[in-house]
Amino acid sequence: MKYENLVDRFIEYAKINTRSNENSKTIPSDPKEVEFLKKLAGELKQIGFSDIRTMKDGYLFSKIPATKGKENIDRIGFIAHVDTADFNAENIQPEIHENYDGESIIKLNDEYSLDPSVFPNLRNYKGHTLITTDGTTLLGADDKAGVAEIITAMEYLIKHSEIEHGEIEIAFGPDEEIGTGADNFDTDNFAAKFAYTIDGSVKGELEWATFSASAAVLKAVGTQVHPSDGFGKLINPLAALIDVFNLLPNERPENTKGDQGYYYMTDLSGNGDTATAKLIIRDFKRDGLKKRKQILADAVDKVNAQYSHKVIDLEQYDQYYNMADILKNNMESVHLAEAAFRELGIVPNEEPVRGGTDGSKITFLGTPTPNIFTGAENLHGRYEFSSVQNMELATDVILKIIEIHSK
Ligand SMILES: [Zn+2]
């Protein structure tokens, strides 16, 4: 195998619980992430990295200096996140299935299995070595695969001193899964002309268009009186919030696809006294996002107008923007990745992502950052798996990008 440490490294990382915590006020959101980042720092030092920096927001930055004569090449970067999604991550036991036949059911445990009739994508993996869960946890290949691939590629570069390259910056960060990790990414310190997140899924993914995103919190204060005496007095805050939701266009995640945006109520809670609803809004176009935010604001106004006073308070804030707004005029990073894919015989899939990535934020902070596949699928749950062959390919892509860029 070209990368002798890739699989062991990945499995070692996957076993470490680094689940982020949405309800935390600390940065990073969980001490487990801090521990893991410390461990990575030690490992980088051992591999031969110099200049290892822990940033205020928990990000670990480090670099490999340019080889002799390549000092003038623009610095490029590779980024992955260390936290895992909101799913059980206690006692992760990755299981290796060598030479999968592309049709058998893979039994994870007595209750759960990976069945090609449920997950037809398994049929693409004939002859691959798959790494799965034991059915009780997620695998956390999102994004431990990305972390392992970047470190393995860098180790390869350091070991093969005959390979010429410019300066390379790498970054590992917390809290991608709760949407806050890259909020304060220090692009000045990172100082790459452009970078890549290694945080995609299926072989071939090269993502440079994402949703633009906003979130809304609606707080309703009711007038709680005994319902027997409610006529003309009682205001039910839960009903008021449901009324708002029902005034919105019927564009929800379950009935939109492709380039369509949506409204998604992610939380509704409360009682007869007070209630809160949370919504997220997604649209590929920035003015589309703006229009949707206005539609929500109008719906709130309309419901409020039914009462003698304001019952619902609306707060909206933007989360991230479609990185294509910037990348479409700045395609060097995308073209370089396309060239690397081409040389490796990988057909790029550049479909816009119905989501966001750390790269969405980092791009807007000043470093154009498209996203590249890791070789894992069915992310964020017990059915997650990765292909060793495609993880190797993702590692190849990193090295190929560096090679072409350094010519
Ligand atoms: Zn991820």
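Everything numeric here is computed off the predicted structure, so don't read it as measured data. Atoms within a ligand are numbered from 1 in the order they appear, just like the ligands themselves.
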State plainly whether the residues K32 and D30 are in salt-bridge range, i.e. N to O under 4.0 Å. yes
Sequence neighbours left out, cut at 3.5 Å: what donor-acceptor pairs do the side chains of residues 153-165 make with other protein atoms?
from: E155; atom 1: OE1; to: N5; atom 2: ND2; distance (Å): 3.1
from: E155; atom 1: OE1; to: R9; atom 2: NH1; distance (Å): 3.2
from: E155; atom 1: OE1; to: R9; atom 2: NH2; distance (Å): 3.4
from: E155; atom 1: OE2; to: N5; atom 2: ND2; distance (Å): 3.1
from: E155; atom 1: OE2; to: R9; atom 2: NH2; distance (Å): 3.3
from: H160; atom 1: ND1; to: Y156; atom 2: O; distance (Å): 2.9

Between S104 and D101: side-chain donor-acceptor atoms closer than 3.5 Å: yes
To the Zn ion (ligand 1), the closest N, O or S atom belonging to D142 is OD1
Atom name of the N, O or S atom of D199 nearest to the Zn ion (ligand 1) is OD1
Of all N, O or S atoms in H81, identify the one at the shortest distance from the Zn ion (ligand 1). NE2
With F61, which of F78, F49, F185, F172 fulfils ring-ring contact (aromatic ring centres under 6.0 Å, His included)? F185
N, O or S atom of E177 closer to the Zn ion (ligand 1) than 2.8 Å: no
